[in-house]
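Data block below; observations after.
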Amino acid sequence: MLKVNNLHVEIQGNEILNGLCLSVGAGEVHAIMGPNGSGKSTLANVLAGHEDYQVTAGEVLFNGSNLLELSISERACEGIFLALQYPVEIPGVSNVQFLKTALNSQRKYHQLNELDAMDFLQWLKTKVQQVGMEEQLLYRSVNEGFSGGEKKRNEILQMLVLEPKLAILDETDSGLDIDALKLVAKGVNAFRHVNTPKQQRAIILVTHYQRLLNYIKPNFVHVLLNGRIVQSGGPELALELEENGYASFVDKAS
Amino acid sequence: MNAGERLLKDYSQNKARLAGHSMPWLTGIRECARESFAVQGLPEVSDEDWKYTKLTQLAQANYGFAERLDSTFIASLADNVLNKLIFAAEHRLVFVNGHYNESLSTINLLPEGVILTSLAQAIEEHAELLSSTLGSIADYATHPFTALNTAMLSDGVFLLAQKNTKIETPIHCLFISTATEQSVVNYPRLLLLLDESAELTLVEHYLDMAQLKSGMAQTLSDHNFINHNLTNCVTEVLLSPHAHMDHYKLQYDSTDTSHIAAMYVEQQRASTFTSHSYSVGAALARNDIQIKLVDSQAECILNGAYLVAGRQHVDYHTQIEHLAPGCNSRQIYKGVIHGRGRAVFNGKVIIHSQAQQSSANQLNKNLLLGEKAEVDTKPELQIYADDVKCSHGATVGQLDEQALFYLQSRGVCKKDAQNWLVNGFVSEVLKLIDNPVLREFIQLTVIAHLNQLAGGDVKSLQELISTGEGVMPCH
């Protein structure tokens, strides 16, 4: 589904990713771990098309076509979803308007009929229950005055509504208490397990902590260090990191 | 001859045509105001209150007296304007180029104790009432355009709501300007008197035919004029104890014209006044809002938004005087400035020494969308009492890049994402409108205009309504 080859990325002239390679197949869950500043969020943002990041070399193929040529919104419509580490507040735009506009923009892109308000709302409410969100948050401005946990749950809600092919969760677990973490994980698993052969979904989990992986079992774990992946393995790699930290990989990298 | 002198000449030539020209009490007021205007002259940029607002176009124009239109044209207005208004008012006073038009107006049954008429009619029928009130709140000594309006006043709205009267539905005062052969000045004057515990909502709506895109092409091509009209309007409001008034103003004049407005409000004990002011049209729009909280527990809330583009210029000058203890004032104004548009906001609050336990806050936020767009915002607090709560804030910014990314990352194209953010910015003021009918009406007008400024499809209002949410549909 996603093939990243030798990706080099700069922000304001500083190289953050240098030669990153990653391959994600349909139906797979990949966890990307690494110390602060290793480039995890950069990878997440660059895949979503954030304009602050310049790709200086390498390629990214998404279902065989060049992702880097697409605009931010085109990537979203093609099925890339980024759950933000710090979800943005949008004063004056209600959550329900936001979700409906986003969904209808994507439906329009795929030449599908736009959903009307009633149908949409009915369907939305089932998703809201899945993430254990209070319904009244739908009618508030997007993320405005939401707690940390509510913001993260709102990201998961958007994911469930938009049904992307590849969801990239950028430290969605940070700042969550145990209960909120379980709810988020439940939402992600609900998303993950709707894997019909026709619509296989992949997830990239960017995280600092092994804890999240107790609830969302990854197929692969990668260690990102100094802008490239230095080690890949199965779930046991995350446990090893939890035990020993990144020290041994730092030595390896240098 | 300069513009001020030309306007004075206009007065001397036409004063015999003004309503009540033979009534000494009124000619006395007019003459004094004329004198005051002659002394003050037109404001210059050296005048602190007009520092950022140049009257170049106005000073060059050669204005004449606005004549009444013939009846066939008036009839076409009913089709082209009234039937297309999406808000049905039970009480509507319609003015065409400053003159009250009875055939276009509707005044349904009013509660006993309410007088609602055109000013021209009130001058004839309620001379005694008017002679003791007209001009008593609008201080023309420091505002040349208020002096000019007072000298030239002839028509407008007179409203008296006696003790405990309540008018449930909004009173719609619609001032239509049309293309004219010569540049003209309209001088609407509103005198609104609310006795103790009276309550009502009034809408002051300025609309230029040139701003109506559909249906008017035919009529407009018949009159192919480009003129620089001036609307010089003054509103006087007196609120007796416990009276409550919601005042709405929607300024949608043609982008060729100048709109210079002043509103003066005097609030007695525990009266409440809310102003919702939306400035969309006009080449130059100036709004002075002066409020005096003269007795305790009075409260005023001023909300507004201004949207300018091209070379439009908008200027809000608010002044709230706290003259008694325990009064509240709150202001929030938001501006969206496209292109080479320019906005000025000056919010003055004066807390006099006797006005202890006053609470006053003020906020002005601006969104600059054009590279050459400009804002001059200035809070001005003068506090002479020591037990007060006052705050003020002003921001000037651009669209939040991170929010733009966020919207796009959910599949919304860049242009729509920008529109959403701008709409969201303005919506924070729009949602403060209590009356649901007016909220929808103003929301749709404003959002349709924002859409148009953003270069989107010019959605007709009807089309926007059909989305049922008062929000911009995604295209």
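Chain letters run A, B, ... following the sequence lines, proteins first, then strands; residues in each count from 1.
Here the closest heavy-atom approach between residue A:Ala76 and residue B:Ser409 is recorded as CB-O, 3.3 Å. Heavy-atom minimum distance, A:Gly92 versus B:Ser427: O-CB, 3.7 Å. Looking at every heavy atom in both residues, B:Cys413 comes nearest to A:Ser73 through CA-OG, 3.6 Å.
Within 6.0 Å of OH in A:Tyr86 there are 12 or fewer heavy atoms belonging to other residues, nucleotides or ligands. Shown here is B:Lys348, whose NZ atom has more than 12 heavy atoms of other residues, nucleotides or ligands within 6.0 Å. Within a 6.0 Å sphere centred on CZ of A:Arg140, other residues, nucleotides and ligands contribute more than 12 heavy atoms.
Of all residues in residues 300-311 of chain B, none places a non-hydrogen atom less than 4.5 angstrom from a non-hydrogen atom of chain A.
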*Check the pair A:Glu74, B:Gln408 against side-chain contact (heavy atoms from CB on, under 4.5 Å), reporting the backbone distance first and the verdict last.*
CA-CA 8 Å; A:Glu74 284 166 345; B:Gln408 291 176 83; over 6 Å; no
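Looking at A:Gln158, its side chain never comes within 3.5 Å of a backbone N or O of B:Arg410 through a donor-acceptor pair.
Contacts between A:Asn143 and chain B at a heavy-atom distance below 4.5 Å involve the side chain alone, from C-beta outward. Heavy-atom distances place no part of A:Val161 under 4.5 Å from chain B, backbone and side chain included. Heavy atoms of B:Leu430 lying under 4.5 Å from chain A are absent altogether. Interface remark: A:Ile90 contributes side-chain atoms only to the contact with chain B (heavy atom separation under 4.5 Å).
Between A:Val93 and B:Asn423 the shortest side-chain heavy-atom distance does not fall below 4.5 Å. Using a 4.5 Å heavy-atom threshold, the side chains of A:Leu82 and B:Phe405 count as touching.
Side-chain contact check for B:Gln402 and A:His50: at least one donor-acceptor pair (N or O, by modelled atom type) lies under 3.5 Å.
You'll find the ring centres of B:Tyr406 and A:Phe98 inside the 6.0 Å limit.
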